[in-house]
Amino acid sequence: MASQVEEFGLFIDGKWGTPTGAKRFETINPATREPIASFVAATVADVDRAVAAAQAAFPAWRSTPAPKRGDLLLTAARLLKERKAQVGRIVTREMGKVIGEGLGDVQESIDFIEYMAGEGRRMFGETVPSELRRKFCLTVRQPKGVIACITPWNFPTAIPNWKIAAALISGNTVVLKPASNTALCAREVIRVYEEAGVPPGVLNFVTGSGAVIGKALVEDPRVRAVSFTGGVDAGRDVYVRGAQGLKMVHLELGGKNPVILMEDADLPLALEGVLFGAFGTSGQRCTATSRLILHEKVYDEFLGMLTDRLDRFTVGDPLDPKTGMGPVASADQEKKILEYIEVGKKEAKLHRGGEKLTGGVYDRGYFLAPTIFETQHGTRISQEEIFGPVLSVIRVKDYDDGVRVANDVAYGLSSSIYTRDVNRAFRAIEDLEAGITYINAPTIGAEVQLPFGGVKNTGNGGREAGTAAIEEFTEVKTVFVDFSAKLQKAQIDAE
Ligand code: NAP
């Protein structure tokens, strides 16, 4: 049967096209289960063509002055600004986050592209003194080559842009493989670079199964680096395969992010933060607040406040600006989260929610109730990434207990403490094992000019965004300029 939705091809070497005999898949609106768009299930042969195009385009792109590359990024940012409302709506329709967050996703993209455009006029190296006379030492940054960017669905325009803009400004060429269920959002991203005039082959777009074409991209010997954001299982697979080719693999993986709420906290402020952190984007942010570590002295009071506030929290149509939380992103997501809720019901006390919502609009999509469990530290729901609107509340007796619980998980992406005690806030900055710590703010809310990433199973040490992104996508070359007109031997020629 012919597809009822618009069909899109692959973008390889500056041209959109559908390979002969290509199989297709559709993306689905999680609020209505309606198909949105149809994409090519690319093959290993398509990946081969995309990488070949990226490799062929690399010499000319790397020699384009970085400020000129920046000009292209500024044009892309302007185009995205002009169509922010339209693309934000696509984000909400395809991924399910509420419209304010859909627009926020696009705004983050715009901010990041503009920030990276400026890097075209910075991209600083160092000058370093030499131990010898008449010798000048410096470092310069150079591109790596063809970069494979593999992205998840939860920030379906922002994460592709975090990778594309940073890779391109650094002089690399790119093959993007977006998450299959948000391919239209990624296609909108590619369109703005295309319309901004990206040269053929510099940016390529292949859609299809991560297990097939993601794997092929990672293993292709012409791909010099892989920038991957997604879950731990896929991330580990990508890391191992990339290691075989001795390539740089940058991983941004999951989280189990805690808010520690102390007895002296501003409770109304913390209430809004916990709510937004736990249930914003239906809990499907890598930085979502999935654990509330609550001081025993305010335990009952705060839990009561949370319950009252949730009574006024609306779940429903994500395109309605009054809605607090939309659906979860897919049938797979719904299934996985409901399985965790069943685990929680066995090992913890269900405080609130814990079900699939039914009736009216709920019957058409993947809507779950915001869920709160009261649990002991160490249960599965308090340790494993659920990636849904499920908050585990854990009672602690003091700050040290809170930090012990916060740190005793496999992940270390974001963290937060609510306290009015400045000494305790600074101790938390030292003590929390995480790439990000917020003081008196929720665990979510990255800004593009600051590094982003985590410790432990959240990644392998790199950071995205900020100037750290340039480090991810460049090689450092060390340069020695000897203007003494004689052979000078470091470590050997003594004064
Ligand atoms: P995922 O299942 O790991 O998929 C991520 C991407 O990898 C998708 O494009 C996927 O393709 C592809 N893929 C899957 N298996 C692969 C393989 N073996 N080789 C190469 N590529 C492969 O993750 P997700 O469900 O999309 O996203 C949720 C996860 O992302 C959560 O764990 C979340 O915490 C994490 N995340 C982390 C950050 C961060 O910055 N730390 C930010 C956002 C999300 P298909 O779509 O075709 O399967």
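Start at 1 and go down the list; that is how both ligands and their atoms are numbered.
- Classification of Arg24 and Glu7 as a salt-bridged pair holds, one side-chain N sitting under 4.0 Å from a carboxylate O.
- Note that Lys356 lies outside the cation-pi zone of Tyr366, set by a 6.0 Å cut-off to the ring centre and a 45° limit from the axis.
- Taking distance alone, with nitrogen or oxygen atoms compared against 3.5 Å, Ile150 stays at or beyond that limit from ligand 1.
- A side-chain donor-acceptor contact under 3.5 Å links Thr281 and Glu101.
- Each of the following atoms of ligand 1 lies closer than 4.0 Å to a heavy atom of Ser209: 47 (O).
- Residue, atom and distance of the protein heavy atom nearest to atom 18 (N) of ligand 1 are Asp237 OD2, 2.8 Å.
- Looking at Gln284 and Gln333, their side chains do bring a donor and an acceptor atom within 3.5 Å of each other.
- Taking a cut-off of under 4.0 Å to the non-hydrogen atoms of Ser180, the atoms of ligand 1 that pass are 45 (P), 46 (O), 47 (O).
- Ile113 approaches Leu73 most closely through the heavy-atom pair CG2-O, 3.1 Å.
- Polar contact check, Lys177 against ligand 1: a nitrogen or oxygen pair lies under 3.5 Å apart.
- Note on Arg191 versus Glu195: salt bridge recorded, some NZ/NE/NH1/NH2 to OD/OE distance being below 4.0 Å.
- Side-chain atoms of Thr443 and Thr289 include a donor-acceptor pair closer than 3.5 Å.
- Shown here are the side chain to side chain contact (heavy atoms under 4.5 Å, CB included) partners of Arg93, two or more places apart in sequence or in another chain: Asn29, Ile36, Leu319.
- Of the polar atoms of Gly230, at least one N or O is found under 3.5 Å from an N or O of ligand 1, judged by distance alone.
- Taking all heavy atoms of Trp162, Trp153, Phe155 into account, the minimum distance to atom 26 (O) of ligand 1 is reached by Trp153.
- Ring planes of Phe452 and Trp162: perpendicular class, angle over 60° (limits at 30 and 60°).
- Taking only nitrogen or oxygen atoms, main chain and side chain alike, Leu253 reaches within less than 3.5 Å of ligand 1.
- No side-chain N or O of Thr32 forms a donor-acceptor pair with one of Arg364 less than 3.5 Å apart.
- For Thr151, every heavy-atom contact with ligand 1 shorter than 4.0 Å involves the backbone, none the side chain.
- With hydrogens left out, the protein atom closest to atom 32 (O) of ligand 1 is Glu385 OE1, 2.6 Å, a heavy atom.
- For CD of Glu347, the number of neighbouring non-hydrogen atoms (other residues, nucleotides, ligands) closer than 6.0 Å is greater than 12.
- Against a heavy-atom cut-off of under 4.0 Å, Val238 is close to the following atoms of ligand 1: 19 (N), 20 (C).
- Both the backbone and the side chain of Thr229 come within 4.0 Å of ligand 1, judged by heavy-atom distances.
- Residue, atom and distance of the protein heavy atom nearest to atom 7 (O) of ligand 1 are Phe228 CE1, 3.2 Å.
- Ranking the protein heavy atoms by distance from atom 36 (N) of ligand 1 puts Cys286 CB, 3.6 Å first.
- Among residue pairs with one or both ends in residues 203-240, those qualifying as ring-ring contact (aromatic ring centres under 6.0 Å, His included) are Trp16-Phe205; sequence neighbours excluded.
- Taking a cut-off of under 4.0 Å to the non-hydrogen atoms of Gly231, the atoms of ligand 1 that pass are 1 (P), 3 (O), 23 (O), 29 (C), 30 (O), 32 (O).
- For the pair Arg122 and Tyr115, the cation-pi test (distance below 6.0 Å, angle within 45°) is passed.
- In this structure, atom 2 (O) of ligand 1 has its sub-4.0 angstrom surroundings free of protein heavy atoms.
- The protein atom (non-hydrogen) at minimum distance from atom 28 (C) of ligand 1 is Phe387 CE2, 3.5 Å.
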Check: Would Asn460 and His250 count as a side chain to side chain donor-acceptor pair (under 3.5 Å) if you check the C-alpha gap in whole Å, the side-chain angles of each, and the deciding distance to 0.1 Å?
Finding: CA-CA 7 Å; Asn460 56 348; His250 177 104; 5.2 Å; no

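- Residue-level proximity to ligand 1 for Pro152 is carried by backbone and side chain together, each with a heavy atom below 4.0 angstrom.
- Per-residue contacts place Ala179 under 4.0 angstrom from the following atoms of ligand 1 (heavy atoms of the residue considered): 8 (C), 9 (O), 46 (O).
- Counting heavy atoms of neighbouring residues, nucleotides and ligands inside a 6.0 Å radius, atom NZ of Lys335 does not exceed 12 of them.
- For atom 21 (N) of ligand 1, the closest heavy atom belonging to the protein is Gly210 O, 3.6 Å.
- At a heavy-atom distance under 4.0 Å, only side-chain atoms of Ile159, from C-beta outward, approach ligand 1.
- Residue contact check: Leu413 has heavy atoms under 4.0 Å from atoms 41 (N) of ligand 1.
- Close contacts of ligand 1 with Asn154, meaning ligand atoms under 4.0 Å from a residue heavy atom, involve 43 (C), 44 (C).
- For ligand 1, the atoms sitting less than 4.0 Å from at least one non-hydrogen atom of Ala234 are 3 (O), 14 (C), 15 (N), 16 (C), numbered in the order shown with element in parentheses.
- A heavy-atom separation below 4.0 Å is not found between Gly453 and ligand 1.
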